[in-house]
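The model shown is predicted, which means the values in this text are computed figures rather than measured ones. Lettering of chains follows the sequences in order, A, B, ..., and the numbering in each one begins at 1.
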Amino acid sequence: MRSLIRRRATADMPHDPAPSKWGYRYQRLMLTPGFRAAVRIGVPILLIAVIAGSWFAKPENRTMLDTRIAETIRGFQERPQFMVQSMTVTGADDGLMAAVVNLLPQEYPVSSFALDLLAIRAEIEALDAVRSASVRVGPGGALQVDVTPRVPVALWRDGPVLHLIDTEGVQSGTVISRGDRPDLPLIAGDGAEQHIQEALALYAGAGPLRDRVRGLVRMGERRWDIVLDRDQRILLPGDGAVAAFDRVIVLNLAQDMLERDVSIVDMRNAERPTLRMNEDAAAALRRVNTTTTGAGN
Amino acid sequence: MGDLYDSQRAMRQMRKAAMQRGVVAVLDVGTSKIACLVLRFDGPERFRSVDGVGSMAGQSQFRVIGAATTRSRGVRYGEVDAMQETERAIRTAVQAAQKMANVRVDHVIACLSGARPRSYGLAGELDVSGGTVTEQDISQVMANCDVPDYGSDREVLHAQPVNFALDNRSGLADPRGQMGNRLTTDMHMLTVDAAAIQNIFYCIKRCDLELAGLASSAYVSGMSTLVEDEQELGAACVDLGGGSTGISVFMKKHMIYADSVRMGGDHVTSDISMGLQIPAATAERIKTFYGGVVATGMDDREMIEIGGDTGDWERDRRTVSRAELIGIMRPRVEEILEEVRLRLDAAGFEHLPSQQIVLTGGGSQIPGLDGLASKILGQQVRLGRPLRVQGLPQAAIGPAFSGAVGLSLFAANPQDEWWDFEIPADRYPARSLKRAVKWFRDNW
């Protein structure tokens, strides 16, 4: 019988090629596909995570990284290629120009990355007097702003204030007195601003009466009155206002109707145009009628 | 026979699991070497080109992806003798094979050559009274076999039905679905020492492996070396191993007898060692280099140097002629073969239609063995090599590996064993749901 207790490997003992129990288990573990994949991928990831985590754990490292990133970004954005040196604003009159320039950056040069062109454009277009605007950084580092101002086509009286109003009914400013823009028709009344086109058509069709028209008044948000000087009024129907106005003009041309002492021409009912005369004229007419009937008798 | 029956069933489940994973190791625990092959199963007939010829024994289902052999330690007569050394040797073989296969194996199918196998022929009968034979009847007829008292210290290693007869018709390949009155079966049962199996179990468990099957080495050698018609007509396979010589007799493709002679090549080596007074390692070397069993005149003049290990190199220059070596080896080989003859006679081998004897195992490589064997065992003797399987390294195709190769065939398609069939209804535990389902199915 040989010794049961294995003391030490001696020279005469034959070499035992057997792996140790743990070596055997280790090899089997390393041959397990899932474990091998975990070691091959998981261990490097863990290592990287640990290193990165310990580096980021120090606040000075974090601030250093932040400043480095900020510097790099600034260094890139402030390259001369990206700098905006000046600005030009076209298409605006002086008052609008000042308002637009107020919305643009005040200090130059500025990096084009710092400019939010869409926001600038939205701000400019939010101005009353601006219909549309295009903002771009042109060649040579110039900020080009092209403004299309709103063209006022009428004055709209809203209480004591006179608004300038364009064809879309959008107010684009105020004027202090009627005399500032004598070329524009005056419009008043509730809901007048929503029917600018109709008002303009009426005004354009005024023809020989153009000089006498003081303004157009929207009545009951339904129809127009044309107010002439000498407190004359032409009441137009809701439908076919232009045609009715044309009839008035033709009547006027034929019989000088409006030169007479008429206060209201009521065209609301097309089949029954009605005139209202002033008090004196009515009295005179009544007198004339009685005399002629009397004479006839 | 409850204990191993259940564990064999469990091993069959394990084998199925291993097949699903596709990798299984086979382990031939022998006296002189331990061989481990790692097999990859990739579905049937994957590894052959279409040439119209199917595989003979299902050997094309798998591929050997790892093979390793190590000198066996702690095994005597094919049984575990020193458990820790055996465990280390198994670990060596398994690790090397895993390393070659580059895959981890968890399931292992093992065979053992010793453990005093004993064969029993059992007969059972069942009255099926005119009905058709069902699966359940087959397990029932096998359960009806009158099992002899083989001793409490033994376990059933194989229990294979080898024949079914229905009334007067015998030799049925498959009686299921046939009509008849009396179903009888012949079963071959092989029992081995329980202690030897326990030891092997334990060794393999200590290596973190699951045992997915256990087979007798004589049986699997026969499966790999006997060609198909030999298995069909009757043949014996003699596996001349290191510590024991396995004998298995095949008939109609079933093993009908197995035995083991507790003598082998190691005894020849120890005879040489004693006769020539040289160390066992030297004796093993000159046996493999110069051994033989038939001396000729030339052998008297061929001198072999055997000395050298005493340290007295000047004086210790002994030589021996090859004829002397043969004179030592031959009586032992004759003794082994005569013992084999006795076992075969006891088994009634001479009544088989064909009496082919195939010698395999490491010991069959002795030059001139076939001539000697034909004098002792009969005229129809040939030397057998294992079937060729895919991917087996060149070093492992010799007759010494017939056990390992046969075990791979056994792993690929095992023959029906008793425990592969359904459990007969009366063996179910009481109040089993399965039993209730079966009652319902039988009665409705």
Side-chain angles (χ1 to χ4, degrees), chain A residues 1-66 68-69 72-73, chain B residues 21-23 25 27 29 32-36 38 40 65-66 68-76 81-108 202-210 279-282 284-285 309-311:
Chain A
M1 203 192 94
R2 54 146 203 238
S3 171
L4 291 182
I5 300 162
R6 193 185 171 86
R7 289 190 177 79
R8 189 181 301 138
T10 50
D12 61 322
M13 200 179 278
H15 169 66
D16 186 1
S20 70
K21 196 167 183 80
W22 287 106
Y24 173 77
R25 285 188 177 156
Y26 169 75
Q27 206 207 14
R28 280 171 64 79
L29 197 63
M30 292 309 284
L31 281 173
T32 312
F35 185 82
R36 209 154 76 183
V39 167
R40 250 183 50 214
I41 297 162
V43 166
I45 285 177
L46 199 71
L47 212 64
I48 289 169
V50 165
I51 291 171
S54 60
W55 194 80
F56 275 106
K58 295 182 179 170
E60 62 263 33
N61 283 341
R62 287 202 297 271
T63 51
M64 190 185 87
L65 187 72
D66 288 346
R68 279 290 291 280
I69 289 173
T72 312
I73 289 174
Chain B
R21 274 195 56 187
V23 176
L27 193 67
V29 183
S32 62
K33 66 155 179 35
I34 290 182
C36 179
V38 180
R40 162 161 288 157
I65 55 170
T69 317
T70 184
R71 187 172 61 88
S72 179
R73 298 184 293 281
V75 182
R76 282 173 71 211
D81 182 49
M83 199 173 285
Q84 272 143 32
E85 282 194 49
T86 311
E87 182 201 323
R88 282 214 298 276
I90 290 175
R91 231 155 49 198
T92 313
V94 169
Q95 188 183 35
Q98 274 184 161
K99 197 168 180 178
M100 178 175 165
N102 203 18
V103 70
R104 175 191 166 133
V105 286
D106 288 323
H107 304 275
V108 65
Y202 188 71
C203 280
I204 287 172
K205 209 178 129 202
R206 293 259 305 192
C207 293
D208 304 334
L209 299 166
E210 301 271 10
T282 317
E284 179 71 31
R285 189 175 61 83
D309 228 17
T310 54

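- For B:Gln84, no part lies near chain A; criterion is any non-hydrogen pair under 4.5 Å.
- A donor-acceptor pair under 3.5 Å is formed between the side chain of A:Lys21 and the backbone N or O of B:Arg206.
- Contact check for B:Val103 versus A:Leu31: no side-chain heavy atoms found under the 4.5 Å cut-off.
- A side chain to side chain donor-acceptor pair (under 3.5 Å) with A:Gln27 holds for exactly one of B:Lys99, B:Arg91, B:Gln95; it is B:Gln95.
- Of all the heavy atoms in B:Leu209 and A:Arg28, the pair that sits closest is CD2-NH1, 3.4 Å.
- Atom OG1 of A:Thr32 sits about 7.5 Å away from atom CG of B:Asp106, to the nearest 0.5 Å.
- The two residues A:Ala18 and B:Thr92 have their closest heavy-atom pair at CA-OG1, 3.0 Å.
- Heavy atoms of B:Arg73 lying under 4.5 Å from chain A belong exclusively to its side chain.
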